[in-house]
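One-based numbering along the sequence shown. Small disclaimer: the values here were computed from a predicted structure and weren't measured.
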Amino acid sequence: GSRSKQKHVEAVTLFEVVTMGRSAMQVNNMTWYGVIDDWIEAYLTDRDSSLLDLISFFIQCSGCKGVVTAEMCQSKDDSDVMSKMVEELDEDSVEYPLIQSGPYGRWFHSEFCEFVSVLVAQCQHSIIFDSYLMNTLISLLTELSNSYVRAFRHTCTLAAVKLLSSLVSVALSLSVGMENSQKLYEVQKTKTTRQKSTPQLEKIQKKITELQEKRAEIESMMDIIFKGVFLKRYRDVLPEIRSICMEELGLWMKLYSSAFLTDSYLKYMGWMMYDKIPDVRLKCVLSLQGLYGDPLLLPKLDLFTSRFKDRMISMTLDKDNEVAVQTMKLLVLISKISEDVLSPEDYSQLLQFVFSSQRPLAAAAGELLFSRYEAHKQQTLARLKALLQFYQESELHKHVVYLVDSLWDCGGALLKDWPTLTSILLQDSPGLTQAEEAVLVEILVASVRQASEGPALAGRSGAKKVMSAKEKKIQIDDCTKLTEHLLLVLPKLITKVFIPHRIFTLFCIKNVQVFVLHSQILAVLDLHSGPAVLEAAARTYLSLCGEEMSWFSVTRAARDSLVQRWVDQLTALLEGSLQVKCTISLHGQKYVLLEVLQCLCYCMLWSLNTSSETLSSRVSYICYNQLIAFLGVCDVLTAHSYQLHLWDPTSFGPLLYTPSPKLQRALLTFVCMQVFVGPDCDNQSRASDTSEVERLEDLHRRRNLLAAYCKLIVHGVLEMSMAAEIFMYYMKYYNDFGDIIKETMYRTRQIDKIESARTLVLCLQQLFVRLKKEQESGGKAHPGVQTFTSIKELARRYVLTFGDLVKFRECIVMIHRNGIEFVFQEFSQTPETPTPPYLSYLTILSEFSSKLLKPDKKTVFSYLQKHTAEHIIDLRQECWQPLIYYRASLLAVAEVEDAVSNVSSDKKLYLPNRSPFSKHKPDGTTPNTASHKSFYSIVTSHLHRMCIFFYCFRKQVPLSIQPS
């Protein structure tokens with residue numbers, strides 16, 4: 001059996017064994033150790049033939065199908081072998097085994113590296129020191145690694161550095177043997193003269209000398225490879241080769257620090273941290289992590305740390321997320337070895353990453369922050385105070401949840417110490433300021449949410465989307481502990497803490513089953529009537545009134561009773577004077593008018609939620625120029641639409657209302673005037689003088705307006721075509737509103753993908769028509785209008801939203817057919833107008849050609865031919881260049897020069913600047929505001945309470961689009 005196995009192994013080459021696969025090797029009872037042992041036996045018998053097989057192995061692993069002959073090997077010139085093999089290499093093949101994608105490429109890389117390691121390991125006690133095998137092999141790999149052919153250079157560089165790594169293992173084993181022999185020699189020397197054995201001492205000394213000579217020979221081989229391969233390839237043009245070099249250099253430094261961990265080698269690691277390829281930088285950082293993680297190696301890294309510390313800190317801002325994360329982990333290791341390495345300025349810069357949008361980076365920065373408080377291990381209050389101080393000094397308000405999420409992995413035990421957190425808040429004199437107590441409440445709420453719902457935060461990516469079984473069990477246990485603890489302390493917290501609206505948030509967290517007496521909530525609402533408290537109370541009722549709650553019927557009745565009591569109080573106060581005509585007479589009282597208008601909106605929402613009779617409504621235009629009016633109309637229209645979907649025929653008649661075209665245009669014009677204001681608008685000079693805070697508040701207001709309007713489209717209140725004007729600004733205002741507009745596109749596409757695509761076409765055609773009219777009129781370009789280049793770029797961005805070609809096949813075909821009709825329909829060719837006026841639109845339409853399937857391209861081309869057949873077309877004339885460009889995109893020929901370059905891109909489109917909401921001064925005198933001061937104070941107090949109407953009703957209206 002062994003003889004037949006030996007014959008089978010001898011019948012194949014080393015390369016054939018590699019390509020055979022691991023499963024085939026197991027079937028034939030073959031392992032790399034057995035294959036190499038058989039090869040060594042053959043080498044001892046006929047070294048030239050065996051060495052020829054080894055050389056052929058590396059040549060074939062490079063993707064070369066050439067055959068190495070004995071004459072080539074006997075030429076004593078490795079360049080001769082290389083030149084012959086280059087002639088045999090298939091230059092047309094862009095792939096060679098080492099870079100093939102998929103499982104095969106990864107498997108081949110692993111097997112290739114394992115072969116080199118096993119080869120050296122099995123030869124270290126025999127032929128590795130015969131001055132023939134290694135000399136030939138190193139010479140060949142050095143020569144081929146310098147080849148201008150990428151396949152040879154990549155494959156043989158990997159083989160050379162893996163060979164050096166294997167030699168490092170041999171040198172280490174020789175060093176261990178030397179140390180053991182030296183210890184044995186010292187023991188023998190300490191024996192008495194009678195016990196001493198001179199022959200034994202000489203034998204041990206001879207062995208030590210032999211081991212020293214072998215190690216010197218191995219180090220000589222390592223030095224040859226380093227100088228012949230590494231020094232020439234660590235800056236190779238191929239990033240894969242640079243990554244290989246830096247990865248192996250880190251391994252050499254860690255394993256054989258006595259020879260490699262010196263400043264003369266560390267400098268290469270520091271230099272390559274500036275490489276432009278992220279993977280090379282990542283390999284450097286990972287290698288340094290291994291070095292800084294070993295306490296025995298730290299003294300040799302002092303000079304490197306002082307020289308490249310600034311570079312490591314700057315790499316936390318790396319554009320590659322993985323590089324930034326690993327660099328932050330490296331700095332955490334450095335900070336733990338000495339507190340003096342990083343200055344206070346360095347910590348101040350690095351700790352801000354706990355608020356990063358990337359969770360892995362934020363978690364690494366959280367570990368750095370938490371490690372600074374390790375001195376307070378037994379003092380929970382001291383650690384919490386340090387944490388509160390850091391948050392207050394960071395001046396990033398409303399970001400506590402992100403701070404808690406960043407500290408969760410490393411400081412979860414502290415953050416989940418809820419008994420301690422609540423006990424501090426319930427103390428009469430906890431030693432905290434009012435601001436610190438407020439932050440501590442935020443931390444408590446955030447930690448409860450984190451434990452019960454997980455780390456899914458808006459705006460933060462990189463978190464695990466699927467929890468493991470262990471994590472689910474931990475979450476269930478935490479929720480159980482939370483419920484048991486909060487049942488006892490929540491009533492006390494509500495009455496004790498001065499910001500009850502944050503404590504109310506605990507009721508809104510899913511998986512935490514808590515319930516408090518309604519009398520305690522009512523007591524708080526009687527004392528606090530601020531918007532924040534009312535909103536938190538509304539959301540609390542929303543959570544407690546869920547049908548999955550066992551007490552939802554009782555809670556719902558209590559909520560309705562509370563709101564109805566406020567309605568009765570307000571009705572009695574106003575004594576029936578709150579009518580639409582009254583609001584007109586109070587037009588001069590700005591603040592009262594806003595409150596009344598908002599109250600009208602909430603009353604309508606409350607009526608929709610509670611009425612059991614057939615409703616009728618007539619939407620009136622009340623004060624067009626007010627933000628509250630717009631939001632109120634949007635909310636009422638959304639409620640009408642959703643109420644119709646949930647209508648139960650057995651209860652009452654539905655409220656039927658369809659916005660008139662006039663109202664739809666009014667809403668659209670208001671949004672365009674209020675939202676899409678930019679650097680080219682008249683109010684920019686005024687905006688430049690405002691502070692950053694005011695600018696952000698204005699942006700938030702504009703995002704709310706746009707989100708409210710887009711929800712009308714998503715809920716089907718407005719026609720989908722009304723979104724065309726909004727889609728026009730997708731590119732121009734991408735940074736401010738791109739997420740809202742993109743989400744609207746996505747939602748409308750889910751409703752009706754054909755109609756959504758038709759809306760995009762309408763958007764492009766409207767922009768193009770405005771441009772043509774402006775060019776023909778020759779008037780001054782409107783400052784807010786886009787250019788032809790921007791229209792084409794907008795079309796290109798629209799194309800990117802169509803991912804699945806099969807799914808959106810009909811949409812793309814419809815876009816092309818619609819575009820062809822837009823250009824050629826109703827065109828009558830005359831000597832004065834030889835080409836269609838909108839012919840240049842075909843250049844924009846060609847952006848969508850890349851999404852057409854091959855059969856559809858033929859269909860669209862035939863449709864184009866049908867429309868152009870009746871016209872006289874001379875493709876040699878420059879005026880028909882857009883048609884040539886479009887035909888080429890359909891026929892998939894070579895790209896042609898942009899034929900619309902003659903169309904002026906400096907001309908801008910015309911955008912109406914006037915609104916149907918004309919601002920005018922009402923007739924008559926304005927009432928004196930002071931005379932109504934007392935009435936205003938009473939009304940305002942009750943109207944603030946009415947804010948809860950809106951949020952209570954929102955429990956039935958899903959909000960598809962949320963502004964930031």
Side-chain angles (χ1 to χ4, degrees), residues 98 109 112-114 116-117 120 138 141-142 144-146 153-172 175 215 218-294 296-309 311-312 315 318 320 322-323 326-327 329-330 333-334:
L98 206 57
H109 183 279
F112 182 76
C113 296
E114 183 180 358
V116 177
S117 300
V120 175
I138 293 174
L141 295 178
T142 303
L144 291 177
S145 66
N146 292 328
R153 199 169 68 253
H154 186 186
T155 305
C156 294
T157 299
L158 176 62
V161 295
K162 287 296 181 181
L163 182 63
L164 198 156
S165 300
S166 301
L167 292 175
V168 165
S169 300
V170 175
L172 287 173
S175 299
R215 189 177 69 172
I218 292 294
E219 290 180 347
S220 176
M221 298 177 190
M222 294 160 51
D223 187 62
I224 294 173
I225 297 175
F226 185 86
K227 292 179 179 179
V229 178
F230 180 89
L231 289 183
K232 296 179 180 180
R233 299 276 68 83
Y234 84 97
R235 298 180 65 181
D236 193 278
V237 68
L238 194 65
E240 288 88 346
I241 294 179
R242 301 200 298 273
S243 297
I244 290 170
C245 291
M246 302 321 298
E247 182 178 14
E248 295 303 314
L249 178 61
L251 182 64
W252 304 335
M253 291 178 177
K254 184 175 177 61
L255 295 180
Y256 205 41
S257 58
S258 60
F260 286 100
L261 192 56
T262 61
D263 295 328
S264 59
Y265 291 98
L266 280 168
K267 65 183 180 183
Y268 301 114
M269 193 72 70
W271 292 344
M272 297 310 290
M273 286 196 297
Y274 291 90
D275 195 277
K276 62 181 180 180
I277 301 300
D279 187 62
V280 180
R281 301 193 298 272
L282 180 62
K283 290 297 189 295
C284 294
V285 174
L286 294 176
S287 298
L288 290 173
Q289 286 182 6
L291 299 179
Y292 281 99
D294 190 344
L296 300 177
L297 305 180
L298 295 179
K300 297 183 178 182
L301 295 168
D302 292 339
L303 181 60
F304 176 85
T305 304
S306 61
R307 183 176 178 183
F308 292 101
K309 182 190 72 171
R311 173 55 185 164
M312 288 187 282
M315 287 175 68
D318 198 283
D320 186 84
E322 186 63 22
V323 174
Q326 297 302 329
T327 303
K329 292 181 179 180
L330 172 62
L333 287 175
I334 295 176

> Is it true that a side-chain atom of R242 and a backbone atom of D236 form a donor plus acceptor pair closer than 3.5 Å?
Replying inline: yes
>> To check you understand the geometry: which heavy-atom pair defines the closest contact between M269 and S287, and what is its length?
In response: CE-CB, 3.8 Å
> Side chains of Y292 and T305: is there a donor and an acceptor less than 3.5 Å apart?
Replying inline: yes
> Angle class for the F260/W252 ring planes (parallel below 30°, perpendicular above 60°, tilted otherwise)?
Replying inline: tilted
> Taking all non-hydrogen atoms of both residues, which atom of A259 and which atom of Y265 are closest, and how far apart?
Replying inline: O-CE1, 3.4 Å
>> I want to check something: taking the side chain as every heavy atom from C-beta on, are K232 and N146 in contact at a cut-off of under 4.5 Å?
In response: yes
> Which is it for M312 and I334 under the side chain to side chain contact (heavy atoms under 4.5 Å, CB included) test, yes or no, and what are the steps along the way?
Replying inline: CA-CA 11 Å; M312 288 187 282; I334 295 176; 3.8 Å; yes
>> Can you give me the closest heavy-atom contact between S264 and T262, atom names plus distance?
In response: OG-OG1, 2.9 Å
> If only atom types and distance count, is the side chain of Q289 paired as donor or acceptor with the main-chain N or O of Q326 below 3.5 Å?
Replying inline: yes
>> Rounded to the nearest 0.5 Å, what separates atom OG1 in T327 from atom CG in L286?
In response: 9.0 Å
> What is the minimum heavy-atom distance between T142 and G228, and which atoms define it?
Replying inline: CG2-O, 3.7 Å
> Does S257 use its side chain to pair, donor to acceptor, with the backbone of M253 at less than 3.5 Å?
Replying inline: no
> Could you give the distance from SG (C245) to CZ (F226), rounded to the nearest 0.5 Å?
Replying inline: 9.5 Å
>> In the structure I gave you, are the side-chain heavy atoms of L291 and L266 within less than 4.5 Å of one another anywhere?
In response: yes
> What's the verdict on side chain to side chain contact (heavy atoms under 4.5 Å, CB included) for E247 and I244, showing C-alpha distance, side-chain angles and the deciding distance?
Replying inline: CA-CA 5 Å; E247 182 178 14; I244 290 170; 5.5 Å; no
>> Has S306 got a side-chain atom pairing as donor or acceptor with L303's backbone, closer than 3.5 angstrom?
In response: yes
> Are any non-hydrogen side-chain atoms of V237 and R153 less than 4.5 angstrom apart?
Replying inline: yes
> Do R307 and D263 come within less than 4.5 Å of each other through their side chains, counting heavy atoms only?
Replying inline: no
>> More than 12 heavy atoms of other residues, nucleotides or ligands under 6.0 Å from CZ of R311: yes or no?
In response: yes
>> I'd like to know if the side chain of K254 reaches the main chain of G290, judged simply by a donor and an acceptor atom lying under 3.5 Å from each other, with no hydrogens or angles considered.
In response: yes
> Are D279 and K283 ion-paired here, with the side-chain N under 4.0 Å from a carboxylate O?
Replying inline: yes
> Taking side chain as C-beta onward, heavy atoms only, is I241 less than 4.5 Å from Y234?
Replying inline: no
> Given the rule in the side chain to side chain contact (heavy atoms under 4.5 Å, CB included) test, do L158 and C113 qualify, once you have shown the distances and angles that lead to the verdict?
Replying inline: CA-CA 8 Å; L158 176 62; C113 296; 4.1 Å; yes
> What heavy-atom pair brings S243 and V280 nearest, and what distance separates the two atoms?
Replying inline: OG-CG2, 3.4 Å
> Do R233 side-chain atoms and S145 backbone N/O form a donor-acceptor pair below 3.5 Å?
Replying inline: yes
> Measuring from T157:OG1 to E248:CD, what's the distance to the nearest 0.5 Å?
Replying inline: 11.5 Å
>> Let me confirm one number: the CD1-CZ distance from I225 to F230, rounded to the nearest 0.5 Å.
In response: 13.0 Å
> Without hydrogens or angle criteria, can the side chains of Y256 and E219 be said to hold a donor-acceptor pair below 3.5 Å?
Replying inline: yes
> Rounded to the nearest 0.5 Å, how far does NZ of K162 lie from OG of S117?
Replying inline: 6.5 Å
>> Distance check, rounded to the nearest 0.5 Å: L164 atom CG versus I218 atom CD1?
In response: 10.0 Å
> If you look at every heavy atom in S165 and L251, which pair is closest and at what distance?
Replying inline: OG-CD2, 4.0 Å
> Does the distance from a Lys or Arg side-chain N to an Asp or Glu carboxylate O, for R281 and D320, drop under 4.0 Å?
Replying inline: no
> Do F308 and L288 have side chains that get closer than 4.5 Å, going by heavy atoms?
Replying inline: no
